[in-house]
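The structure appears below as structure tokens.
These numbers come from a predicted model, not from an experiment.
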Amino acid sequence: MPSPPTVLWMAGLAICLSCRSLEPTTPPPTTADTPVVRPPATWGQLQPGPFAVGFRQLAFDDPSRTYRLHSEPHEHPRPVVAGVWYPAAAQTGDPLVLGDYFTLQLEDPARADFASVISGYLYAMMVEEALGQLPGLLSPDEQATLERVLATPTFARRRAHSAVSTAPMLLAHPGLGGVYADGMVLFEYLASRGWVVVAGLVQQSDGNWLNVGWDPVTSVRDLKLLRERAPAALGIEPTGLAMLGHSYGAQAALIYTAMFDDVDAVVSLDSTMDGRDAAQRWWASEDNAPWLDHGSDIDVPALLLASAGRGRNYFDTLAAVPREYIAVEGLEHNDFEGLGGVLRPMLGACPPTNDCALLHQRYQAIVTLTADFLDTSVRPTASAPAQDQAATQDLAALGFTRTRVLEPATRTTPPAPFPALEPTEPDCRSTDSCAPDDRIVAHATELLALGRIAEAEAMVEAARARAPQSPDLMEMHAQLLLQQGRHGEAADVYEDERKMLAASKERSDYLDYRQDQAKQRSERARALASTAPPSDQ
């Protein structure tokens, strides 16, 4: 996902469904000889493998690292959270709808507040990614459409009995600002074909912010812990390991693959390391090279998918044999994961340059290509649904260009050693060095997700009195007003933000973006205020 400043990702969390307990399961092994139901609308024309699909959410404590939300009184071991899709016995477990993926439900009642805060974040990111809008700025029609789509059945069932005792395992990492269920259709599809998929939440290291950040130390440590502990929690023995990620998550997957020798294959979904300029090598800069310039260390089969027009300079450094590069016309960066490639078409929120049906079709092709590559690389005796194999034969018509390389790249200089897997900076709260506005915004965001809106508003208003020119505090204040249905007041705050940014003597693309965003949000909030019943204003 793209990575606007954290404050923009964190603002505007909607209050989501209350968290229910997730009962632990220790199901007996079963067979997959019972017919499974027809796939839901999210799958399009995809055909399932021989298994039904189960889903669980797991949380592990890592006592070697500490964590604390702003709304929590004390530090505690870092919670490492993941969604898990696995082959299941048909007709077991509870039906799961699409919206359930954006609510965190944990077994431990002591984690109820943590789960509510994370659920608010997941919901807000899903809305912003799929609709390009903050939850509080959705029109009544948009909100109704969203609720209808989120009620769509998935192919997974919660607490379903496992159908296998051994299976290949895929570790998945979301991009910056992303959510663990970004690839929900791909993950369901793989589980139906016999894979266990473990997709980490990977929120920032210390709880100071909720979103995924560019932090290889946190990413690698979370992935390593999930690799070690998730299989035992599921009662499934891994028979192979593959890595997958989108955007920065793809970078993290490639880093993990280069660092450890237990990986059998890796998939990169638009990592952005191959830029539009064929000569661009930002991943090999002095700061990035210790983490990213390790293509010659990746010697397992690799599949890199990217939007058309990017260079291939990173791909050409890989020692992986075979390796494949697939460029796709007509897909934007976020269309390589399910929030863009599935939810946007279902919501009718596709950009003018991309037909919704074609976008969904292209995403389905990415799913089948990825699954076929993983099966071929990790378990070559597996077979794919015949209809899906046929659907990938005419990829050129969908704008897919494939390049397959069978020789390893050569390198004359050794890669820089990997940095130590230790945080480079302490939590700014421990040194009292946090930017005051950021700290208030982060805390208020958590209070909003917990339903403590009056407390959050009082905190932000007091901060604005001390720092009346802070655009971040204005942005947060407007979000709090929106969540209370006070659209007219929110429009006034956005307009104040726009004027303040316009009057700034500094100019940059980012400030111009913020000014334009404030203008658009002010106009939209004003329009919502004009159509709302008088009692709502």
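- Annotation: F315 is in aromatic contact with Y325 [ring centroid separation under 6.0 Å].
- Side-chain atoms of S522 do not come within 3.5 Å of backbone N or O of A518 as any donor-acceptor pair.
- Of the possible polar contacts, one joining the S530 side chain to the A527 backbone as a donor-acceptor pair under 3.5 Å is found.
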Intermediate values then yes/no, side chain to side chain contact (heavy atoms under 4.5 Å, CB included), F114 and L104: CA-CA 9 Å; F114 169 79; L104 185 60; 3.9 Å; yes
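- A donor-acceptor pair is defined here as one N or O able to donate and one able to accept, closer than 3.5 Å; such a pair exists between the side chain of R429 and the backbone of D206.
- In this structure, the side chain of Q57 does not engage the main chain of A82 through any donor-acceptor pair within 3.5 Å.
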Starting from the C-alpha separation in whole Å, work towards a yes-or-no answer on side chain to side chain contact (heavy atoms under 4.5 Å, CB included) for Q515 and L511. CA-CA 6 Å; Q515 182 180 339; L511 287 178; over 6 Å; no
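- Side-chain contact of Q520 with D516: a donor-acceptor pair under 3.5 Å is present, judged by distance alone.
- Counted by atom type alone, E188 and W43 present one or more donor-acceptor pairs between their side chains at under 3.5 Å.
- Contact record, P468 with A465: CD-O, 4.0 Å, taken as the closest heavy-atom pair.
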What's the verdict on salt bridge (Lys or Arg N to Asp or Glu O under 4.0 Å) for E75 and R65, showing C-alpha distance, side-chain angles and the deciding distance? CA-CA 10 Å; E75 288 185 343; R65 293 177 286 173; over 6 Å; no
For a salt bridge (Lys or Arg N to Asp or Glu O under 4.0 Å) check, start with the C-alpha distance between D492 and R526, then their side-chain angles and the critical distance, and finish with the verdict. CA-CA 8 Å; D492 291 340; R526 193 81 64 195; 3.0 Å; yes
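- Under the 3.5 Å distance criterion, with hydrogens and angles disregarded, a donor-acceptor pair is assigned to the side chains of N208 and H70.
- The stretch residues 436-499 participates, sequence neighbours left out, in no disulfide (SG to SG under 2.5 Å) pair at all.
- Contact of the E422 side chain with the V217 side chain is not registered, since no non-hydrogen atoms from C-beta on lie closer than 4.5 Å.
- Electrostatic pairing of E495 and R498 counts as a salt bridge here, judged by a charged N lying under 4.0 Å from a carboxylate O.
- In this structure, the ring of Y101 has its center less than 6.0 angstrom from the ring center of F55.
- A salt bridge is absent between R452 and E446; no separation between the charged side-chain nitrogens and carboxylate oxygens falls under 4.0 Å.
- Side chains of E129 and N334: a donor on one and an acceptor on the other come within 3.5 Å.
- Using bins of under 30°, 30° to 60° and over 60° for the plane-to-plane angle, the ring pair Y248/H173 lands in the perpendicular bin.
- Defined by atom type and a distance below 3.5 Å, a donor-acceptor pair is present between the side-chain atoms of Y510 and R514.
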Quick one: do R486 and E457 satisfy salt bridge (Lys or Arg N to Asp or Glu O under 4.0 Å)? Show the steps, please. CA-CA 12 Å; R486 294 155 64 184; E457 186 175 7; 3.2 Å; yes
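- Between F418 and H294, the angle of the ring planes stays under 30°, which puts this pair in the parallel group of the 30/60° scheme.
- The shortest heavy-atom contact between P140 and L528 is CD-CD2, 4.3 Å.
- With respect to D427 and R68, no salt bridge is recorded, no charged nitrogen being found less than 4.0 Å from a carboxylate O.
- The closest donor-acceptor contact from the side chain of Q251 to the backbone of S271 lies under 3.5 Å.
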How far apart are the C-alpha atoms of D100 and T103, what are their side-chain angles, what is the distance that settles it, and do they pass the side-chain hydrogen bond (donor to acceptor under 3.5 Å, both in side chains) test? CA-CA 5 Å; D100 289 334; T103 301; 5.6 Å; no
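- Shown here are the salt bridge (Lys or Arg N to Asp or Glu O under 4.0 Å) partners of D437, two or more places apart in sequence or in another chain: there are none.
- At least one donor-acceptor pair closer than 3.5 Å links the side chain of E72 to the backbone N or O of L69.
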Walk me through whether E475 and Q479 qualify under side-chain hydrogen bond (donor to acceptor under 3.5 Å, both in side chains). CA-CA 6 Å; E475 179 73 26; Q479 310 313 315; 2.7 Å; yes
Under the side chain to side chain contact (heavy atoms under 4.5 Å, CB included) criterion, do L254 and M273 qualify, and how do the steps go? CA-CA 11 Å; L254 292 163; M273 286 205 285; 3.6 Å; yes
E142 and R524: CA distance, side-chain angles, deciding distance, salt bridge (Lys or Arg N to Asp or Glu O under 4.0 Å) verdict: CA-CA 13 Å; E142 289 171 328; R524 190 172 179 92; 2.2 Å; yes
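- Listed here is the closest heavy atom pair of T42 and V342: O-CG1, 3.7 Å.
- Between L210 atom CG and M125 atom CE the span is 9.0 Å, to the nearest 0.5 Å.
- Applying side chain to side chain contact (heavy atoms under 4.5 Å, CB included) to R78 and the options T66, L225, T218 leaves one that passes, T218.
- Judged by distance alone, the side chains of S247 and H333 do bring a donor and an acceptor atom under 3.5 Å apart.
- Partners of Y314 according to the ring-ring contact (aromatic ring centres under 6.0 Å, His included) rule, which considers only residues two or more places apart in sequence or in another chain, are W283.
- Distance alone, capped at 3.5 Å, places no donor-acceptor pair between the S504 side chain and the L501 backbone.
- Under a 3.5 Å cut-off, the side chain of D270 and the backbone N or O of S307 do form a donor-acceptor pair.
- Looking at heavy atoms from C-beta onward, I453 lies out of side-chain contact with L447 at the 4.5 angstrom threshold.
- Not a single donor-acceptor pair under 3.5 Å links the side chain of D222 to the backbone N or O of S219.
- Checked for salt-bridge contact, R362 and D335 miss the test: no charged N lies under 4.0 Å from a carboxylate O.
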